[in-house]
Asks: 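Here it is, the structure in full.
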Protein chains: 2
Amino acid sequence: MAARKPQVEGAKSSVLTDGRMQAGSRATEQVQTLAETVAARIREQVISGRLTPGSHLSEQTLSEELQVSRNTLREVFRMLTKEGLLRYEANRGVFVSTPSMTTIIDIYRVRRFIECPALAHAHPRHPGVTRMRDAVEEARRCREAKDWLGVGSADIAFHAAIVELSDSPRMAGFYAQIALELRLVFGLLKDPEFLHGPFIDQNLEIVTALEAGNAAGAAEMLEAYLLRAERFILGAYARVTSET
Amino acid sequence: MAARKPQVEGAKSSVLTDGRMQAGSRATEQVQTLAETVAARIREQVISGRLTPGSHLSEQTLSEELQVSRNTLREVFRMLTKEGLLRYEANRGVFVSTPSMTTIIDIYRVRRFIECPALAHAHPRHPGVTRMRDAVEEARRCREAKDWLGVGSADIAFHAAIVELSDSPRMAGFYAQIALELRLVFGLLKDPEFLHGPFIDQNLEIVTALEAGNAAGAAEMLEAYLLRAERFILGAYARVTSET
DNA sequence: GCTGTCCATAGTGTTGAACAATTTTTATGT
DNA sequence: ACATAAAAATTGTTCAACACTATGGACAGC
C-alpha cells in the first residue's frame, strides 16, 4: 500500500537491460526515478514493435500492466510525447505516433542536412570515429546472430556517432529524437534483413574513408547512402501500407 | 473542491496573451488542457525574466501560486524539462536552466549550422520570406515603443522564419527549442537596447538581399551576423557573471 | 575552532481514490 | 437505416497520505 514500493517491485518485474543512449554521461545521475524507468520501458516496447503505431494507450490498462499509478504514467506520457514517440489528443488520450511518408521524407531531409556537413568537417582522430567503427563491428556481429533489432540499433549508433563529430550536444540530442522516430518507422516495416543488410558494408566504407583522412569522400558517400536509404525505406513503406 | 474547476479559474486569472509559436497549426488543437496552459505561463515567466535561472521551483509553492495541483504541475515540469527550460535533479526538484558560456557557444554553433544553409538554398518567393519581412517590421515597431522584450521576440521570429525556409517541420521544432534557450540567455543579460538594437538593421539587409534573389549573399551576411552576435552575447555574458 | 555523526524537518516521489468533463458505446424511437 | 438520447468508459484534475531523500543544525570528539 505504501508508495515507493515500485522502486522494488518495478525493478523485480523489469525485463529490460537499458543503459544505452546518452553517450556523454557516465557517473552522473545514476539515480533513476520510477517515471524515467517506465519511460525507458515504453520506449523499448515501441521500438521493438510490441506497441504498434496508431494504437491507443489506455491510462488505466497500462498503469495496471506496468504497476504504476495513473499519475506517474501521465508524467511518462508527457515525456514521451515531447520526444515524439507518442501523440496527444486532448480528452482522447495518447497514441503511438504513426509515421507517414511525409515523416520519412522529413527525417531523411534532416539526416542529410545534419550528418553530411558533420562528417565533411570532421577531424579523422575525433573520438566519434572510434564509436563509428565500434558500431559497424557491432552491426556485423548482430547480423551474424540474425539479431535484426540489434542491427538497427547499431546502425543508429553509427549515424549518431557521425553527428557527435560536430561536437554539439544539442545537435546530438536532436538527432537522438530523430533516430527514435526512425526506429518507429523501422518497426513498421517488415523483412529487417533485407532492410538493414546492404547498409552495413556501406557504413564500413564510410568510416574507412574517414579514418584515411578522406572526409570529403566519406561525406559524399554518406549523402549517396542517405538518398538510397530514403528511396529504399519509402518503397518498403509504400508496399506495407498498400497491403492494408 | 471539484476538479475541472481550473478550466474556469485558470482562464480568469490568466494574464498571458499567448498564441504565438507553432506557426503551422491554425484551427487544430484549439482545446488546451490545463497543463499546457500552465506550461505556457511558466514559459512566459522564464522568458520575461520573472523566474531567474538557477532558482528552485518548489512544487508546493508554485502549485499554490498557480492554483493547480501538484500532480498537474509535475506534468508541466516534465514537459518544460524536455524543452530544455528547466533542469531536473532527482529528489531535489526542478530548477530554471542556467545557461553557461558553453551553452551560448553551442547555441550559436547550431544556429550557424542550421540557418545559413537554410537561407542559402532558399527560394526567394518562399512564404517564409514574408514572415522574415514581417518580423523585421515588427521589430522596428517594438524598438520605437521601447518594448525590448518584443524586439527579442521579433528577432527570434525572424530567424525562425529563416529556418522555415528549409521546409522541415522537425528542423523548425528543434530551432524553436534552441530559440527558447536563447531567450533564457537574453533574460540573463541586461541593457536590452544595446543588445538588440544593432541587429534589427542587419536583419533588414538580409531579407532585402534574399528578396532580390541574392540568397548566397544573404547567407554570407547571416553568417557574419551570427558570428558577431555570438561574440557580442559572450561578452555581455562575461560582463554580467564577473559582477557576481 | 574544526570536523564528523545523528536527528528533525522540509521537500520530492508515488500512490489510490474521488469526481467533473468529454468521448464513445449502446439502446431506442421513427 | 438513421438520427438521438441515455449509459458507460475514459481522460483531466484534485487531494490527502506516506515512503524516501536531502538539508540544516545540535552535539560530541579531536
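So that the names make sense, note that chain A is the first sequence line, chain B the second, and so on, each numbered from 1. Predicted model, so just to flag it, every value in this text is computed and none were measured.
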Asks: Rounded to whole angstroms, how far apart are CD on B:Glu89 and C1' on C:dT12?
Replies: 12 Å
Asks: How long is the line joining CD of B:Gln32 and C1' of D:dT11, in whole Å?
Replies: 17 Å
Asks: What is the distance from OH of A:Tyr88 to C1' of D:dT11, rounded to the nearest Å?
Replies: 8 Å
Asks: How many whole angstroms separate atom CD of B:Gln60 from atom C1' of D:dT14?
Replies: 15 Å
Asks: Salt-bridged, A:Arg41 to A:Glu44, with N to O below 4.0 Å?
Replies: no
Asks: What nucleotide among C:dT23, C:dT14, C:dT12 has an atom nearest to a side-chain atom of B:Glu59?
Replies: C:dT12
Asks: Hey, is the side chain of A:Arg70 pairing donor to acceptor with the base of D:dG12 inside 3.5 Å?
Replies: yes
Asks: What is the distance, to the nearest angstrom, from the CG atom on B:Leu34 to the P atom on C:dT22?
Replies: 13 Å
Asks: Examine C:dT12: is either OP1 or OP2 under 4.0 Å from a nitrogen or oxygen in the side chain of A:Thr33? Give yes or no.
Replies: no
Asks: Choosing from C:dT15, D:dT14, D:dT13, which nucleotide comes nearest the side chain of B:Ala35?
Replies: D:dT13
Asks: Which residue pairs satisfy the salt bridge (Lys or Arg N to Asp or Glu O under 4.0 Å) criterion with at least one member in residues 93-110 of chain A, sequence neighbours excluded?
Replies: A:Asp106-B:Arg170
Asks: Taking CD from B:Glu36 and C1' from D:dT11, how many angstroms apart are they, rounded to a whole number?
Replies: 13 Å
Asks: Hey, does the side chain of A:His56 come within less than 4.0 Å of D:dT11's phosphate (OP1/OP2), counting only N and O?
Replies: yes
Asks: The test is side chain to side chain donor-acceptor pair (under 3.5 Å); show your working for A:Ser69 and A:Arg74 and say whether it passes.
Replies: CA-CA 9 Å; A:Ser69 79; A:Arg74 283 174 62 87; over 6 Å; no
Asks: Using a cut-off of 4.0 Å on non-hydrogen atoms, how would the nucleic acid contact of B:Phe77 be classed: base, sugar-phosphate, or nothing?
Replies: nothing
Asks: Please pick, from C:dT12, D:dG12, D:dT14, the nucleotide with the shortest atom-to-atom distance to any side-chain atom of A:Asn91.
Replies: D:dG12
Asks: Can you measure B:Glu64 atom CD to C:dT12 atom C1' for me and round it to whole angstrom units?
Replies: 15 Å
Asks: Considering just the side-chain nitrogens and oxygens of A:Arg74, establish if one lies under 4.0 Å of OP1 or OP2 belonging to D:dG12.
Replies: yes
Asks: Mark yes or no for a side-chain to base donor-acceptor pair under 3.5 Å between A:Asn71 and C:dG16, with no hydrogen or angle criteria applied.
Replies: yes
Asks: Are there more than 12 heavy atoms of other residues, nucleotides or ligands under 6.0 Å from atom CD of A:Gln60?
Replies: no
Asks: Measure CG/A:Leu73 against C1'/C:dG13 and give the value in whole Å, please.
Replies: 15 Å
Asks: Assess the pair B:His159 and B:Tyr175: is the distance between their ring centroids shorter than 6.0 Å?
Replies: no
Asks: Is the phosphate of D:dT14, meaning OP1 or OP2, less than 4.0 Å from a side-chain N or O of B:Thr72?
Replies: yes
